[in-house]
Amino acid sequence: MNYTKADFGPDFDWGVAVSSYQIEGAHDADGKGQSIWDRFSHQGKRIEDGSDGKIACDFYNRYKQDIDIIKDLNLKHFRFSISWPRILPEGTGEVNEAGVDFYNRMIDYCLECGITPWLTVYHWDLPLALEKKGGWTNRSIVYYFKEYVDVCTKRFGDRVTNWIVMNEPFSFTALGYLFGYYAPGKFGVNNFLPSVHHANLCQAEGGRIIRRNVPNANIGTAISCSHVKPASNQPKHIAAAKRVDVMFNRLYIEPILGMGYPVVDFPFLERIEKYIHPYDEELMKFDFDFIGLQNYYSLVAYNNPVVPYLKAFVKPFKKLNRPLTANGWEVYPEGIYHILKQYEKYPIKKIIVTENGAAFHDKVIDGRVHDTGRLNYLQTYIEQVLRAKNEGMNIGGYFVWTLMDNFEWKAGFKSRFGIVHVNFLTQKRIIKDSGLWIKEFLKMV
Ligand code: FCB
């Protein structure tokens, strides 16, 4: 490793990210309502290891201990999300004060420890009550979302300045409403396309409410991004790669930047017209202070006429024979550099890497976790972030996904992404070697 913290400059924000359903547990404590993930995890064999987030890391009760660990690791920024049904059990209407109190206690403790809170408004745990009304497919979600953002900003905006409206709209719309792979388990383009459009409207509408209620706010939204390469130079694969790039990378960023939907490279998207009301193009625009870029893997796109709509399929980069993570994603650090550079063409003020990390099959041996795979992943990806920054890109921060092993959605507790190991039977935490490295790295001036 031939770089130090100083190479990133004194204003670079180093942090760690988590989300409510993945860590909090306390699924029905103190008046919390149900979310789509509470239900989804109990519908048949949805979750690979048959688990759910009822207890998860028990962060609801152990937040002080976990924030102490963040402090110990020399990380100064903590990104978490609010569970919508914890503070609005029905998604709308009456506020659950006990739920608000939990976040107040947690935010206050961060501040007491000198850790800056970064609040993600929506990280996928939609109130079940709203899903019963159609969830993201129903345009009225925009009104419910605005009400929710209004509550969050009024309750937490006096202490929280860093706001992320949404986490990866691609993941919850495509995986949740097109492929039925994530909650709420819906299928098909007639569910997917309205969800895309309403999520895009909510990114901008949410941004506007934050701006109105929290005048000094630093406002962003977090987009999943994967560098896409065509399988070969054949025109059919190049066109396939463009369609994949639209789906995975462009669909949720270009509309909010005022560029409209990228229909030219993926004409199928013309079908979204049906859900667009007059003035929506304007409503989808918002002047974000930063865009959160989240990257895990890169993709190779192949033309394939048999695949519905996309007419393409994707594979992780395999050609180079590089190491794989526990999810079978290839460790390809240059991928984050390429996708950062792809963002160079956009009129964005600042980029923050709001998630990056990897799962490995970690083992506790004599009270230690020697996660060399993750250590190598983080060191090499961070180096590529520095490369893009040194080439002049305004990259203002990096958040590791994630603080501690947690409920990894469909994979349950099988996929361990943490820099801190969690024993889910005893809730014991052990800082892994990757976490110890971060602690050392961030100590340097
Ligand atoms: C991202 C999600 C996050 C976590 C990581 C591994 O797509 O935002 O919650 O699941 O993947």
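The residues of the chain are indexed from 1 along the displayed sequence. Order of appearance sets the numbers: ligands from 1, and atoms from 1 within every ligand.
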- Query: Does the side chain of Y377 reach to within under 4.5 Å of the side chain of S434, using non-hydrogen atoms?
  - Reply: no
- Task: Using a strict 4.0 Å cut-off to heavy atoms of F417, name the atoms of ligand 1 that fall inside it.
- Result: 6 (C)
- Proximal ligand 1 atoms for W409, defined as those under 4.0 Å from one of its heavy atoms: 3 (C), 4 (C), 9 (O), 10 (O)
- Message: Is it the case that ligand 1 has an N or O less than 3.5 angstrom from some N or O of W329?
- Response: no
- Residue, atom name and distance, where the atom is the protein heavy atom closest to atom 2 (C) of ligand 1: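 Here the nearest protein heavy atom works out to E355 OE1, 3.4 Å.
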- Item | Closest protein heavy atom to atom 5 (C) of ligand 1, given as residue, atom name and distance to 0.1 Å | Y296 OH, 3.2 Å
- Within the 4.0 Å heavy-atom cut-off, what N167 brings close to ligand 1 is side chain
- Query: Ignoring hydrogens and geometry, is there a side-chain-to-backbone donor-acceptor pair from E383 to L378 under 3.5 Å?
  - Reply: no
Verify whether one side chain among [X] and [Y] offers a donor that lies under 3.5 Å from an acceptor in the other.
| X | Y | value |
| --- | --- | --- |
| W136 | H198 | no |
| T120 | N167 | no |
| T161 | N218 | no |
| Q203 | N200 | yes |

- Message: I want to confirm something. Looking only at heavy atoms, which of Q294, E408, E168 is nearest to atom 4 (C) of ligand 1?
- Response: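 Nearest option to atom 4 (C) of ligand 1, by heavy atoms: E408.
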